[in-house]
Protein chains: 2
Amino acid sequence: MKKKILIHDIAQHLDVSIATVSLVLNGKAKEKRISDELARRVLTYVDEVGYKPNQLAKSLRTGKTHVIGLMVEDIANPFFATVAALIEKKALARGYRIIYCSTNNDPAKARDLLTMFQERHVDGYILALPNGLDAEVGALVRRDKPLVLFDRLLPGVSANAVVVDGATGMYQATQHLLAQGFRQVALVITQLGQTQMAARRQGYAQAMREQRRPELVYEISFPQEPEQMVQDLQAFFAAHPACDAVLFATNYLGVYGLEALRNLGRRIPDELAVISFDDNDLFRLYSPPITVVAQPMEAMAEDLISTLLAALDGPGDTGRIVQLQLTPQLVVRASSVRVPVGA
Amino acid sequence: MKKKILIHDIAQHLDVSIATVSLVLNGKAKEKRISDELARRVLTYVDEVGYKPNQLAKSLRTGKTHVIGLMVEDIANPFFATVAALIEKKALARGYRIIYCSTNNDPAKARDLLTMFQERHVDGYILALPNGLDAEVGALVRRDKPLVLFDRLLPGVSANAVVVDGATGMYQATQHLLAQGFRQVALVITQLGQTQMAARRQGYAQAMREQRRPELVYEISFPQEPEQMVQDLQAFFAAHPACDAVLFATNYLGVYGLEALRNLGRRIPDELAVISFDDNDLFRLYSPPITVVAQPMEAMAEDLISTLLAALDGPGDTGRIVQLQLTPQLVVRASSVRVPVGA
DNA sequence: CTGAAAGCGCTTACAG
DNA sequence: CTGAAAGCGCTTACAG
C-alpha cells in the first residue's frame with residue numbers, strides 16, 4: 001500500500017536539504033534563520049503527504065522518548081486504575097505517553113519492570129513500589145533520572161514524591177468512631193510494612209492512645225487469594241466479639257471485610273461500625289453506605305505529572321527534591337454513625 | 001556514574017568482532033557456527049558486566065519493538081481494568097509489553113491514539129474502539145498489521161476479533177426474569193450504536209418477542225456526567241411505575257441504576273428486579289446481591305493475546321481472520337428472584 | 001568461524 | 001540561509 005514516506009523524500013520533492021526539513025519540523029526555523037516562506041512550504045507539504053517522523057530514529061538520536069513509565073501495585077485496583085486514567089489524560093495533553101505495569105507487590109517483578117523501563121528509555125518514572133527496591137531507585141536518583149514516587153515511599157531513598165497524609169486521615173477516622181461512642185475499635189491492615197500502611201497505622205494508634213483505648217490490630221497476610229482473606233477476616237471478627245468498630249486500611253481490605261461481615265451476618269453499624277480507606281462506588285452504594293477516608297485522586301494525578309515534568313524540563317539540578325503530602329478527606333456515611341439506643 | 005556500556009565495549013574487551021557478540025546474543029551462534037566455547041565466553045562476560053542492548057537501536061534496525069498497543073474505552077472501568085491487567089500479565093510472560101490508552105469513546109481521540117501507536121511502531125494492536133474508525137482500522141488490516149478487536153466490532157471491517165455473545169447472555173437474562181413472573185421488563189442501554197450493545201439489545205428483544213411481551217427500552221445518552229445519568233435514570237423509572245424488572249446493558253449503567261433506585265427508595269427485587277451485564281464486587285456484595293451476566297475475562301484475555309501472537313508470528317498470511325465468540329454466564333442472585341407473595 | 005561495512009531514519013554541529 | 005556528513009547503537013548480509 002502507501003509506501004512509508006521519509007524525510008529524504010520530502011526534502012527531495014521540495015528540492016531542499018534534509019537538514020532544512022528537520023530544522024523546520026523541530027521549530028528551529030527562526031533560530032537557524034530559515035525564511036518564513038520556505039518554512040511554510042515545508043510545513044504545508046509535510047501536512048499534505050502526512051509525513052510522520054520515525055519516532056524510533058528520533059529517540060535513538062535525541063535520547064528522548066516522550067514516554068513515562070508508570071508502575072502501580074495493580075491496575076485492576078480501582079484506586080490505581082483511577083489514578084492511572086487521570087495521569088494518562090494529563091500526560092497525553094502535555095505530549096507524553098504512558099507505559100504502565102502492575103507489580104502485584106512482588107519486588108522481583110518490580111525489579112524486572114524497572115529494567116524494562118530503562119531498556120525502553122522512558123524519559124521519566126512514576127512509581128508505587130513494593131519494599132526492597134531502595135538500591136535500584138537510589139541508583140536512578142543518583143543518575144538524575146526524573147522520577148516521582150507515589151502512594152508509598154521507600155524508607156532508604158530520598159526522591160521526589162507525592163503521598164497522602166494517611167496518618168491524619170486515620171487519626172480523624174478513629175477519633176470520629178470514638179466520638180460516636182464506639183469502644184473497641186479495630187484496625188485491619190496488611191503486613192507488608194509499606195510506608196503508607198505504617199502512617200495509617202500510626203494515625204490510628206495515636207488517636208487510640210489519646211483516648212486511652214487499647215489497640216486491636218489485625219495484620220492480614222497479603223497478597224493471597226481473595227477467598228482466603230475473607231476467611232481470615234471472618235475468623236478475626238469471630239474471635240473478637242466485643243469489637244464494635246473497624247477500620248480497613250485500604251480499599252480491597254474494606255471489600256473483603258464487608259464480604260466477611262455479610263457472611264457472619266453482622267449488622268452495620270448496630271453491631272459493628274465500619275470505615276475504609278479509599279472511596280469507590282461500592283462503598284458509596286453499600287447498605288448502609290460506608291464511611292471512608294477518601295484520597296484526592298485528581299490532585300494527586302496533577303501533582304504527580306507536574307512534579308515529573310518539572311524534573312524532566314529542569315536543568316538537571318542534582319539534588320532538588322520535591323515531596324508533596326496531600327490531605328485525605330473523611331466522608332462520613334451511615335456505617336460509622338451510632339444508632340440511637342432504642343430508636 | 002556507571003558509564004553506559006555498548007556492544008562495542010564488550011567486543012573490544014573480548015577481542016572479538018561486534019558481529020560475533022551480536023550473533024551470540026541473538027541466539028544465532030549455532031547457525032553461524034560460532035564455537036560453543038566462544039559463545040559461552042561472550043554470554044558470561046555480558047552477564048558479568050550487565051550489558052543490555054539498546055532496544056531503541058535494535059528496534060530501529062529490526063523493525064520490531066515487542067510492544068503491543070492496547071486501546072480500551074476507559075481504564076478506570078472495572079471490566080477494562082481487569083482485562084488489561086490480565087492481558088498485561090500474559091503478554092509480559094511472552095516477552096511483550098503493553099502500551100494502553102483510554103479512548104473515552106471519542107473517535108477523534110481514538111484516531112490520535114492509533115496514530116500514536118503507529119508512530120511508536122507497536123508490533124500489534126488490541127482494540128476496543130468507538131464507532132467511526134472503520135477506515136483507519138481497514139487500512140491497518142490491509143497493510144497486514146497484526147490486530148485483534150475486542151468487546152465490540154466495527155461494522156465495516158473484517159478483522160481478527162474476540163467478543164462475547166451478548167445476545168445469548170441477554171436472552172437468557174430476559175428469559176430468566178420472565179420465567180420468574182416479572183411482566184414489564186425494561187432494558188437500559190447506551191445510544192452509542194456499538195455492536196456489543198446492539199447484540200445485547202437483540203437478545204432482550206428476542207426473548208420479549210417470544211413471550212409476546214412489549215419492549216421497554218431506555219437509550220441513555222453517554223458519555224455524560226455521572227450525576228446526570230443518575231438523574232436521567234430516576235426520571236425514567238419514575239415515568240414507568242408499572243415496570244417491575246430492569247436489565248442494565250453494561251456495568252456503569254448498572255451502578256448508576258442502583259444509585260437511582262436507591263434515591264427513589266425502590267425495593268429490590270420486591271418492587272423492581274435488577275440484572276446487570278458484567279460482574280464486579282459491587283454487584284456481588286450489594287444488598288440484595290445483583291444477578292449478572294458475567295463475561296469470561298480470563299478466557300477473553302487469553303484468547304486475545306494468543307490470537308494476536310499467532311498473527312504476529314504468522315507468515316504474514318494476508319486474509320486469515322480469526323473471530324472468536326465467548327459465552328457469558330448468567331449468575332443468578334437475589335435481585336432477580338421473585339419473592340413469594342405474602343412471604 | 002570472524003571482520004569490515006552498510007544501513008535502520010533521524011538530528012545537528014560544522015562549513016560554506 | 002543551506003548542504004554534506006557524522007553519529008545515535010544496533011543487525012546482518014557479504015567476504016574472507
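All heavy atoms count here, side chains included; hydrogens, waters and symmetry mates do not. Because the structure is a prediction, the values reported are computed rather than measured. In the text below, chain A, chain B and the rest are named by the order of the sequence lines, each starting its count at 1.
Listed pair S17(A) / dT2(D) fails the phosphate criterion, with no side-chain N or O lying under 4.0 Å from OP1 or OP2. In terms of phosphate contacts, T20(A) brings a side-chain nitrogen or oxygen within less than 4.0 Å of OP1 or OP2 of dG3(D). Contact check, K58(A) against dT11(C): a side-chain N or O comes under 4.0 Å of OP1 or OP2. Between Y51(B) and dC10(D) there is a side-chain N or O to OP1 or OP2 distance below 4.0 Å.
For the pair R94(B) and E302(B), the salt-bridge criterion is met [side-chain N within less than 4.0 Å of a carboxylate O]. Residues K30(B) and D36(B) are paired through a salt bridge, judged by an N-O separation under 4.0 Å between the basic side chain and the carboxylate. E298(B) has no carboxylate O lying under 4.0 Å from a charged side-chain N of K89(B), or vice versa, which leaves the two without a salt bridge.
Within the nucleic acid shown, L38(B) comes within 4.0 Å of sugar-phosphate atoms alone, with no base atom in reach, counting heavy atoms only. Base contact: K32(B) has a heavy atom under 4.0 Å from a base atom.
For D134(B) (side chain) and G156(B) (main-chain N/O), a donor-acceptor pair under 3.5 Å exists by modelled atom type. Checking side-chain atoms of N77(A) against main-chain N and O of F79(A) turns up a donor-acceptor pair under 3.5 Å.
Rounded to a whole Å, the CG atom of L6(A) is 8 Å from the P atom of dC8(C). If you take NZ of K64(B) and P of dG9(C), they are 14 Å apart, rounded to a whole angstrom. Rounded to an integer number of Å, the gap from CG of L60(A) to C1' of dG7(D) is 9 Å. The CD1 atom of I10(B) sits 15 Å away from the C1' atom of dT2(C) (whole-angstrom rounding). Remark: P of dA5(D) and CD1 of I7(A) are 17 Å apart, rounded to the nearest angstrom. As a whole-Å value, the separation of H8(B) NE2 from dG7(D) C1' is 14 Å. To the nearest angstrom, C1' of dT12(D) lies 11 Å from CD of E31(B). Rounding to whole angstrom units, CD of residue Q55(A) and C1' of dC10(C) are separated by 10 Å.
The separation of dT12(D) from dG16(D), taken at their C1' atoms, amounts to 16 Å, rounded to a whole angstrom.
Where L56(B) and L23(B) each meet DNA chain D at their nearest nucleotide, the meeting point lying more 5' is that of L56(B). In this structure, S22(A) and V16(B) both approach DNA chain C, and ranking their closest nucleotides by distance from the 5' end singles out V16(B). Both D36(B) and N54(A) sit near DNA chain C, but only D36(B) has its closest nucleotide nearer the 5' end.
The partner of dA4(C) cannot be assigned: no Watson-Crick or G-U wobble pair with both contacts below 3.5 Å exists in any strand. Here dA13(C) sits opposite no nucleotide as a Watson-Crick or G-U wobble pair (both hydrogen-bonding atom distances under 3.5 Å).
In this pair, Y96(B) and H66(B) present their aromatic rings parallel. The plane angle is below 30°, not in the 30 to 60° band.
Between the side chain of R61(A) and the base of dG7(D), at least one donor-acceptor pair of N or O atoms lies under 3.5 Å.
Nearest nucleotide to the R33(A) side chain, out of dC10(C), dG3(C), dC1(D): dC1(D).
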